[in-house]
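Ligands are counted one by one from 1 in listed order, and the atoms in each one are counted from 1 as well. Count residues from 1 along the sequence.
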Amino acid sequence: MKAHDGMYIGGEWRAAAGTDTIAVVDPADEQVIAHVPAGIAEDVDAAVFAAHEAFPAWAATPPAERAARIAALRDVLVARKDEIAETVTAELGAPLQFSQMVHAGVPILVAGSYAELAASYAFEEKVGNSTVYAEPVGVVGAITPWNYPLHQIVAKVAPALAAGCTVVLKPAEDTPLTAQLFAEAVHEAGIPAGVFNLVTGLGTVAGQALAAHPGVDLVSFTGSTAVGKQIGATAGAAVKRVALELGGKSANVILPSADLAKAVGVGIANVMGNSGQTCSAWTRMLVHTSQYDEAVALAAEAAAKYGDRIGPLVNAKQHARVRGYIEKGVAEGARLVAGGPEAPREQGYFVSPTVFADVTPEMTIAQEEIFGPVVSIIRYEDEDEALRIANGTVYGLAGAVWAADDAEAVAFARRMDTGQVDINGGRFNPLAPFGGYKQSGVGRELGAHGLSEYLQTKSLQF
Ligand code: NAP
Ligand code: MG
């Protein structure tokens, strides 16, 4: 697609208030592919104003009609899915097939789910002598990262629109073209002017202005824990609703009764899929001491097979950061069994699929979110130790448990301090609430739980 040189505000592409631009880089070859405007506080002001103006009418639009508009948006995403996949591949670097299946495919599912939920949700209920109305919170400030650029936009905008809220989006500086394409889709779907607005720009400028704007009633943020803490503090000071979807360091717990080859194979694929740039990735593999050597050999083989099929990291900063973590793993005494810190290609921000064995739970690579294609295999002696290790980070976003039968895996999963657990390779469910325990965040996205984040209740007594 061709980049827009303006902001999508009030239903039209308007000239940016400032003159600075952001260069969009293809991380596979480091070439500049486009420029987009770098928004400033005035752009955010204009967008919040448009969202505020559009709010009363959209909030009063019957849910069935909001549902129809979201269904139309889903249909545009379907019609333009190839263009979406190509755009995500160009600015994020994900292999095209992964972009088609996941980066274009999942947002279609999620948009579809909210078209249905908007139509079926109980926005009104009777509780004793009261009628309780679920009403939209107001103007939403959405701040999204680059790792699943369209999914993270749709996971906020679709439920917000379903609830009757209006939105201002500040997408990641690395992936603004996907966001512009989404704005085009919103327009094509006939969503009324001002209901959705886009301001591209830097987090420290446009993002900060949006999070702090007095006209924003709810801030929904996905990204790093460091920025999330800041946004939570800003929102707290203004007594503003906030949803934070932050980092993770999830455990893939392989119990001794599990199908080891399957658990290891799926576990490696789970991390390598988006070059490790997945907040819910199972970056710690926990293996019983009796199966440890076999698991290490299987993991090394699976990672090596990935080889060239892995995409680059998003930018030079992440490239340096991830390679720094790999060097740190070596320095702290972990054993490299696949990959390593050397760049596998001269051009592009590539990192080889990397597996560390002999990782102990307190090592940096077992504690901090690396956000790259790096798996740490940790040994445990018994289930209690496995649980202590699994729960032994500040995070709690996702995880996996493998065992001979589901009941055994469920018993373990119920003791994990984490928001989602896949049992014996359970499939992604776009209706299941997604979000973190502990420092992985506040609030939930997806499904009915995700919708309720954008609602507040009013009780009338009779
Ligand atoms: P980030 O800075 O937290 O970026 C997330 C979003 O917040 C982007 O739109 C960003 O804008 C914006 N932002 C940055 N500073 C802000 C501020 N002071 N106020 C308001 N908005 C602000 O994350 P990152 O720098 O891209 O990645 C760093 C690390 O974060 C990664 O290595 C990874 O560990 C983690 N991460 C986690 C997730 C997740 O899904 N949980 C996603 C991405 C990254 P800019 O694009 O201009 O920075
Ligand atoms: Mg940043």
Report summary line: Note: ligand 1 atoms sitting under 4.0 Å from heavy atoms of Thr144 are 6 (C), 8 (C), 9 (O)
Query raised in the report: What do you reckon, does Asp174 have a nitrogen or oxygen under 3.5 Å from a nitrogen or oxygen of ligand 1?
Result: no
Query raised in the report: Where does Gln277 meet ligand 1, judged by heavy-atom distances below 4.0 Å: at the side chain, the backbone, both, or neither?
Result: neither
Requested in this report: Evaluate whether atom NZ of Lys328 has more than 12 neighbouring non-hydrogen atoms of other residues, nucleotides or ligands under 6.0 angstrom away.
Outcome: no
Requested in this report: Give the numbers and elements of all ligand 1 atoms closer than 4.0 Å to a heavy atom of Ala172.
Outcome: 9 (O), 46 (O)
Report summary line: The atoms of ligand 1 lying under 4.0 Å from a heavy atom of Pro171, numbered in the order shown, are 9 (O)
**Report entry** N/O separation below 3.5 Å, Thr222 to ligand 1
**Finding:** no
Query - Pair Phe371 and Tyr325, ring centroids less than 6.0 Å apart - result: no
Report task. Return yes if some donor-acceptor pair links the side-chain N/O of Ser440 with the main-chain N/O of Gly247 below 3.5 Å, else return no. Result -> yes
Query raised in the report: Side chain, backbone, both or neither: which part of Ser224 comes within less than 4.0 Å of ligand 1 when only heavy atoms are counted?
Result: both
Report summary line: In ligand 1, the atoms that come under 4.0 Å of a heavy atom of Gln152 are 40 (O)
Query raised in the report: Looking at Gln318, Gln277, Gln152, which one forms a side-chain hydrogen bond (donor to acceptor under 3.5 Å, both in side chains) with Asn147?
Result: Gln152
Requested in this report: Please work out which of the three classes, parallel, tilted or perpendicular, describes the rings of Phe196 and Phe182, given edges at 30° and 60°.
Outcome: perpendicular
Query raised in the report: Do Glu83 and Arg80 sit within salt-bridge range, that is, some charged N less than 4.0 Å from a carboxylate O?
Result: yes
Query raised in the report: What do you reckon, does Phe221 have a nitrogen or oxygen under 3.5 Å from a nitrogen or oxygen of ligand 1?
Result: no
**Report entry** Per-atom contacts of ligand 1 with Trp146, taking only distances under 4.0 Å to non-hydrogen atoms
**Finding:** 24 (P), 26 (O)
Query raised in the report: Is it true that Glu453 and Arg444 have a side-chain N and a carboxylate O under 4.0 angstrom from each other?
Result: no
**Report entry** Test of proximity, Lys170 against ligand 1: N or O pairs below 3.5 Å
**Finding:** yes
Query - Residues which pass ring pair (Phe, Tyr, Trp, His ring centres under 6.0 Å) with Tyr395, listed by chain and number, not counting sequence neighbours - result: none
Query raised in the report: Taking the six-membered ring for Trp, are His103 and Tyr148 parallel (under 30°), tilted (30 to 60°) or perpendicular (over 60°)?
Result: tilted
Query raised in the report: Which atoms from ligand 1 have a heavy atom of Gln230 less than 4.0 Å away?
Result: 18 (N)
**Report entry** For Leu202, the ligand 1 atoms whose distance to one of its heavy atoms is below 4.0 Å
**Finding:** 47 (O)
Requested in this report: Report the member of Ala38, Ala142, Pro145 with the shortest heavy-atom distance to atom 43 (C) of ligand 1.
Outcome: Pro145
Query raised in the report: Between the side chains of Thr89 and Ser99, does any donor sit under 3.5 Å from an acceptor?
Result: yes
**Report entry** Ligand-side contact atoms (ligand 1) for residue partner Gly207, heavy atom cut-off under 4.0 Å
**Finding:** 19 (N), 20 (C), 21 (N)
